[in-house]
Amino acid sequence: MNNDLDLPDLLPARMVNEYAYCPRLAYIEWVQADFAHSADTLEGRFTHRTTADEEGDLPQEISETDHIHARSLWLSAPDEHLTARMDLLESDGSAVTPVDYKRGAVPDTPERSWEADRVQLAAQAIVLRANGYACSQGVLYYAASKTRVPIPMDDALLARTRALAAELRTVAASGRIPPPLADSPKCVRCSLAPICLPDETNLLAAHATAPDDGIRRILPARDDAIPLYVQEQGARISKSGETFQVRLKDAKLGEARIFETSHVALFGSVQITTQALQEMCARGIPLTLFSTGGWFYGIAHGMTHKNIELRLAQYHVAADPALSLSLASQMIAAKIENSRTLLMRNHPSPPADALAELARLADAARTAPALPTLLGIEGLAARTYFAAFHGMLKPRNDPQPQPDYTFDFNARNRRPPHDPINALLSYAYALLAKDLTIAALAVGFDPFLGFYHQPRYGRPALALDLMEEFRPIIADSVVLAVVNNAILTPADFLRRGPAVALKPTARKKLIQAYERRLDSLVTHTLFGYRISYRRVLEVQFRLLARLLAGEIPAYPAFRTR
Ligand code: SF4
């Protein structure tokens with residue numbers, strides 16, 4: 001993707017292990033600085049708990065009588081371009097022995113070890129030797145079988161280790177991410193599978209379609225963490241142990257476990273303590289800020305994602321009108337098609353002329369010759385769709401009709417909305433923009449630089465770009481659900497002159513319906529597996545990243561059947 005990146009001089013020994021396991025894994029972790037925990041890596045962290053704290057001395061020179069038992073050592077060898085963090089170093093005499101802790105049992109291989117583990121240990125030995133220590137063997141400790149496996153540091157292993165390290169440096173300097181492994185069982189155990197998307201990338205790169213029963217779903221179907229919304233005016237969020245506490249004066253309104261919190265969304269005058277904010281930054285939990293009425297105006301998060309390679313590619317494409325147009329065309333065509341699908345699903349007798357017009361406009365969007373043309377097509381499609389939108393609202397039988405607040409919808413209006421449906425749509429779009437901004441940041445994009453929406457101060461243009469394909473199937477669908485299922489009634493709205501706003505209880509119900517929608521499973525039309533809409537949002541950004549890396553030929557905008 002980019003070969004102008006300044007790579008670090010020192011390659012961590014752990015990366016030699018990753019490269020031996022899968023070159024793409026090492027590239028994602030070392031060059032793109034992306035990482036994700038899985039059950040396996042968390043278990044690995046647990047295995048290392050006894051070696052994590054630095055302990056014990058390693059003298060500059062050791063003698064026959066020294067008995068060294070040092071934990072968590074960090075040494076580098078600039079001439080070898082290697083750096084190594086060692087779990088444990090032992091010596092009984094003048095030579096040292098690095099001990100590397102591995103989760104899992106002793107492998108059933110002739111060497112009783114994996115090559116990836118051996119080369120990592122050998123990289124540690126190379127670093128030790130470069131620092132003047134004699135090291136003729138290392139030990140792999142397999143925690144599940146509580147077994148030490150000695151590994152001789154022979155010339156062949158050291159040469160293989162140096163060759164792998166050199167190869168990784170060459171691959172990293174090329175700026176081209178290695179392709180995913182093909183149908184490999186390694187991917188199933190790889191914590192980076194949700195980032196790498198191996199089968200999805202291979203499928204799209206080959207211009208293939210998934211078999212009838214879909215491709216492997218290696219990524220989890222849902223997220224375990226959920227958002228914490230706080231809209232009680234005057235409330236305060238603080239950290240207490242492993243929880244976020246929400247209080248109003250002395251009354252406790254609720255709490256959320258920190259490790260189960262995906263992000264925190266504050267509406268209006270809600271305070272948060274510095275300690276809570278620090279914890280959120282440390283754990284990568286973003287804070288989103290809304291006005292009381294639901295205007296999404298800000299986000300706070302920890303250090304920006306380290307994947308500068310991705311952002312450079314994003315800036316490059318955003319600066320190229322033709323590339324930007326080809327991306328935007330796919331997004332707008334998908335938006336129009338998804339609007340049409342929603343009409344067909346929810347309208348008791350979808351107007352044939354509107355369906356035909358939307359089909360025509362989706363085709364036109366795909367081949368739009370310029371951005372202004374695409375904008376015109378999108379505007380026309382929106383008018384066609386919203387003109388038929390009221391037909392998707394079930395007629396109401398209110399015992400006491402309130403003419404002012406009936407769900408009557410003729411056209412989209414906003415800032416401020418003039419009727420309840422527009423108020424609901426605006427609110428739902430703000431929630432969706434928030435989630436797409438978070439997803440963009442999580443993947444490593446700059447959410448403020450888009451391909452369709454032009455840069456404007458404070459506007460998350462890239463999030464709004466990807467939002468296009470999801471507006472009908474997430475936000476509009478939620479609005480239809482709360483109205484048609486009478487979750488909200490006309491009594492849930494306030495009139496303020498020409499404007500209409502949601503009462504606080506109504507906002508809460510809308511947020512709950514929206515979160516239920518994001519958590520619901522949908523069959524991915526390209527891959528055939530079922531994942532939550534929330535996952536789909538992230539997958540779309542990951543696929544966009546794969547496109548910008550040159551791995552797949554086109555952006556596969558999300559379409560629903
Ligand atoms: S998911 Fe598979 S291809 Fe991707 S990094 Fe992991 S092992 Fe490599």
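Below, each value reflects all heavy atoms present in this structure, side chains not excepted, and no hydrogens, waters or symmetry copies. Each ligand, and each atom within it, is numbered from 1 in the order the structure gives.
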Give the residue and atom name of whichever protein heavy atom lies nearest to atom 3 (S) of ligand 1, and the separation in Å to one decimal. Leu181 N, 3.2 Å

Hey, can you tell me if Phe527 and His524 have their rings parallel, tilted or perpendicular (30° and 60° cut-offs)? parallel

Lys102 versus Gln120, side-chain donor and acceptor atoms under 3.5 Å: yes

Please state whether Ser184 comes within less than 4.0 angstrom of ligand 1, counting heavy atoms only. no

Contact atoms of ligand 1, heavy-atom distance to Leu25 under 4.0 Å: 5 (S)

Return the closest protein heavy atom for atom 6 (Fe) of ligand 1 as residue, atom name and distance. Cys190 SG, 2.4 Å

Side-chain donor-acceptor pair present, Asp435, Tyr514, cut-off under 3.5 Å: yes

Under 2.8 Å from atom 2 (Fe) of ligand 1, can any N, O or S atom of Cys187 be found? yes

Under a 3.5 Å cutoff, is there a donor and acceptor pairing between the side chains of Glu18 and Tyr27? no

At less than 2.8 Å, would any N/O/S atom of Cys22, backbone or side chain, sit next to atom 6 (Fe) of ligand 1? no

closest protein heavy atom to atom 4 (Fe) of ligand 1 is Cys196 SG, 2.4 Å

So, Tyr19 and Glu167: side-chain donor and acceptor under 3.5 Å apart, yes or no? yes

Using a strict cut-off of less than 4.0 Å between a Lys/Arg side-chain nitrogen and an Asp/Glu carboxylate oxygen, indicate whether Asp199 and Arg216 qualify as a salt bridge. yes

